[in-house]
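Reckoned from all heavy atoms, side chains included, excluding hydrogens, waters and symmetry mates. The structure displayed is predicted, hence computed values, not measured ones.
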Amino acid sequence: MSKLKRWAAAGVLFAGVVGGAAFGGSKPDADPTPAAPPAPYEEWKATEPAGLPLAVRSDAAVTLKWAGPAEAKVNRPAGYTLTVANACGQPLSKVVVQVRVPAEATASDVEPPARAVGGVLLWEVGTLDARETKDVRLSLASPARGALACQAWVTFTGSASMSVAVREPKLAVKLTLPESVAVDDGFQVKYEVSNPGDAPADKVSVAVSEPTGFIPASEPPAGVELNDLSPAGTRTVTRERKAVAPGEYTYAVTASSPDGVTATATAKVRVKAPKLVAAIAGPAEVGLNKAAAYTVKVTNVGDLVAEGVDVRAGLGTGLRTPDAIVQTSFPAITHDPCSRAFAGLQPGETQEFTVTTTAVKPGDAISTVIATGKRGLRAAAECRTVVQGVPGIRMEVIDVADPVETGKDAVYEIRVSNTGTQTDTNLKVVCTLPPQLKFLDAAGPVGVEAAGDRVVFEPIRELGPRAEVVLKVRAKAVAAGNTRFRASLTSGHLTDPVLKEESTTIYGE
């Protein structure tokens, strides 16, 4: 292989000298044809087989062109220009131009200055941008007649570039549901998953975080698989739900892909519900056969209309309700004085009515109210009234034997009874003996104290309706005469004492 071929194999490009006779009669080399630039990426990318690695071809080329006189005279310098041109569409680096000058020739006026190394002029051009050209000028003179052979070559570092379109999948989630819904009503949850990116999102899955307080009206609250989602593609999923408990709840929907992209959307829904509060208020105590007024109230403390409200009051045992004395704060819808019905109560609305009763039986009277409505509404309340009866205390005093002989015993019975309708308390009996009698002893359910002519029984704590207590006093007849045995009764109910006398005739020698 010749030296020229070896240089060509090493990537060295030669250019001949223009002009023939003065340089051995050779013709200037034809201008090398620049290599065609590579096709744009958008043209060749479509020709690449699908699924194969991307390969980009690059032809780096530099041309050298001499310009100057084809003939010269002995020992007379002639000026020449060497043009270095980047013939490709990309920059080249480390460009070095070298010119070998024959030993007998002389080079002068070198521009730009060159570095001389063993008969070779060297220019370090550096980087040549795409299609850029640079000139090297010098003058050559030969001392003898003949051909002046001058060689030029260039070395450089080429590169191959490519353009890869990097695309990105994206995910976006839009969640749609009503701001509020009534309890026990159905509603729709709709979520829309889209890909606003410019690459497909692979194996997209959707996870739904559904709060408590709802039940599926049709499908269970499961996640879904959307598979691949193309750029600008959209998928919509709709679920039917039913609200079962009032409150504010948050839905969350998350879409994700193995590509590492994810998106989450949240939305709140308020479940509204009516709520009833009932109340009944009356006197704590009332006398027998006296009037007692009861106020019944019902209020909707919820945030939704309470429909079909029915209010019923139940009066305690011993209370009677004459229809003629029922008073209400609004026109009665029913004829029952203890019940009302309403088509609807607005949130915060209160309705009330008053029922006037008569206490006909003593004791505890527990009155109640129950309010009901649609959507399972229920509220209850109660109040207690003590119906006070009238105690009727009677006392009888009798002597067991009459007349009584002196030296014998006289026995007296004191009967205390309650013929009324209320218990009486703290009943106290005090007996006074006449001078003809001397106290011996007493009997009864309570203790007794005697001092002189007075016999005092300890108080009887309670005596209920239709109850009776019998007390006995025994005394010895010590003198004859027409005597008077006296008894006095006081109680918690009696404002004035009850006084009784029993006459006994005592005879003797």
Side-chain angles (χ1 to χ4, degrees), residues 284-290 317-318 359-365 386-509:
E285 295 181 353
V286 64
L288 191 65
N289 297 321
K290 299 296 182 180
T317 303
V360 295
K361 183 179 179 181
D364 286 350
V386 177
V387 178
Q388 302 286 357
V390 179
I393 303 301
R394 294 181 60 188
M395 183 175 65
E396 293 180 274
V397 179
I398 61 173
D399 49 4
V400 176
D402 187 11
V404 176
E405 185 180 1
T406 57
K408 301 293 184 179
D409 293 344
V411 178
Y412 294 91
E413 288 186 354
I414 303 98
R415 293 180 179 271
V416 180
S417 62
N418 185 354
T419 60
T421 56
Q422 182 179 348
T423 298
D424 203 352
T425 61
N426 198 30
L427 289 86
K428 188 175 181 180
V429 176
V430 177
C431 300
T432 303
L433 299 177
Q436 294 83 0
L437 296 176
K438 184 179 180 180
F439 176 77
L440 293 177
D441 57 29
V446 294
V448 64
E449 291 184 1
D453 62 349
R454 286 174 60 84
V455 178
V456 179
F457 287 90
E458 293 181 355
I460 301 169
R461 292 180 179 274
E462 289 185 351
L463 188 62
R466 299 177 184 176
E468 182 182 73
V469 173
V470 178
L471 305 174
K472 291 183 178 182
V473 176
R474 189 167 66 91
K476 187 177 182 66
V478 295
N482 189 11
T483 64
R484 295 287 189 269
F485 178 90
R486 295 181 175 87
S488 171
L489 171 65
T490 58
S491 72
H493 174 70
L494 295 173
T495 56
D496 295 321
V498 176
L499 300 175
K500 291 290 183 180
E501 286 186 353
E502 179 67 8
S503 65
T504 303
T505 301
I506 301 174
Y507 65 96
E509 296 180 355

Output a table of donor-acceptor pairs, distance under 3.5 Å, between side-chain atoms of residues 473-481 and any protein atom two or more places apart or on a different chain; print 'none' if there are none.
| residue | atom | partner | partner atom | Å |
| --- | --- | --- | --- | --- |
| R474 | NE | D441 | OD1 | 3.2 |
| R474 | NE | D441 | OD2 | 3.4 |
| R474 | NH1 | D409 | OD2 | 2.5 |
| R474 | NH2 | D441 | OD2 | 2.7 |
| K476 | NZ | G407 | O | 2.7 |

Which atom pairs, donor and acceptor, lie under 3.5 Å between side-chain atoms of residues 387-401 and protein residues at least two apart or in another chain?
| residue | atom | partner | partner atom | Å |
| --- | --- | --- | --- | --- |
| Q388 | OE1 | Q422 | NE2 | 3.1 |
| D399 | OD2 | T504 | OG1 | 2.9 |

All N/O donor-acceptor pairs, side-chain side in residues 486-499, below 3.5 Å, sequence neighbours left out:
| residue | atom | partner | partner atom | Å |
| --- | --- | --- | --- | --- |
| R486 | NE | E501 | OE2 | 2.6 |
| R486 | NH2 | E501 | OE2 | 3.3 |
| S491 | OG | D424 | OD2 | 2.6 |
| S491 | OG | H493 | N | 3.3 |
| S491 | OG | L494 | N | 3.1 |

Using ring-ring contact (aromatic ring centres under 6.0 Å, His included) as the criterion, list what pairs up with F439, not counting sequence neighbours.
none
Apply ring-ring contact (aromatic ring centres under 6.0 Å, His included) to F457 and list each qualifying residue two or more places apart in sequence or on a separate chain.
none
Check this for me: does any side-chain nitrogen of one of R415 and E413 sit under 4.0 Å from a carboxylate oxygen of the other?
yes
Closest approach of G464 and T423, non-hydrogen atoms and distance?
CA-OG1, 3.5 Å
Search all heavy atoms of V469 against all heavy atoms of P445 and return the closest pair with its distance.
CG1-CG, 3.5 Å
Point-to-point distance, once rounded to the nearest 0.5 Å, from [atom1] of [X] to [atom2] of [Y]:
{"X": "Y507", "Y": "K408", "atom1": "OH", "atom2": "NZ", "answer": "8.5 Å"}
{"X": "I460", "Y": "N418", "atom1": "CD1", "atom2": "CG", "answer": "11.0 Å"}
{"X": "R454", "Y": "E449", "atom1": "CZ", "atom2": "CD", "answer": "11.0 Å"}

N482 vs R484, test: side-chain contact (heavy atoms from CB on, under 4.5 Å). Steps then yes/no.
CA-CA 7 Å; N482 189 11; R484 295 287 189 269; 3.5 Å; yes
List the atom pairs, with distances to 0.1 Å, where a side-chain N or O of residues 426-434 and a protein N or O form a donor-acceptor pair under 3.5 Å, not counting sequence neighbours.
none

Heavy-atom distance under 4.5 Å between the side chains of Y412 and L437, does that happen here?
yes
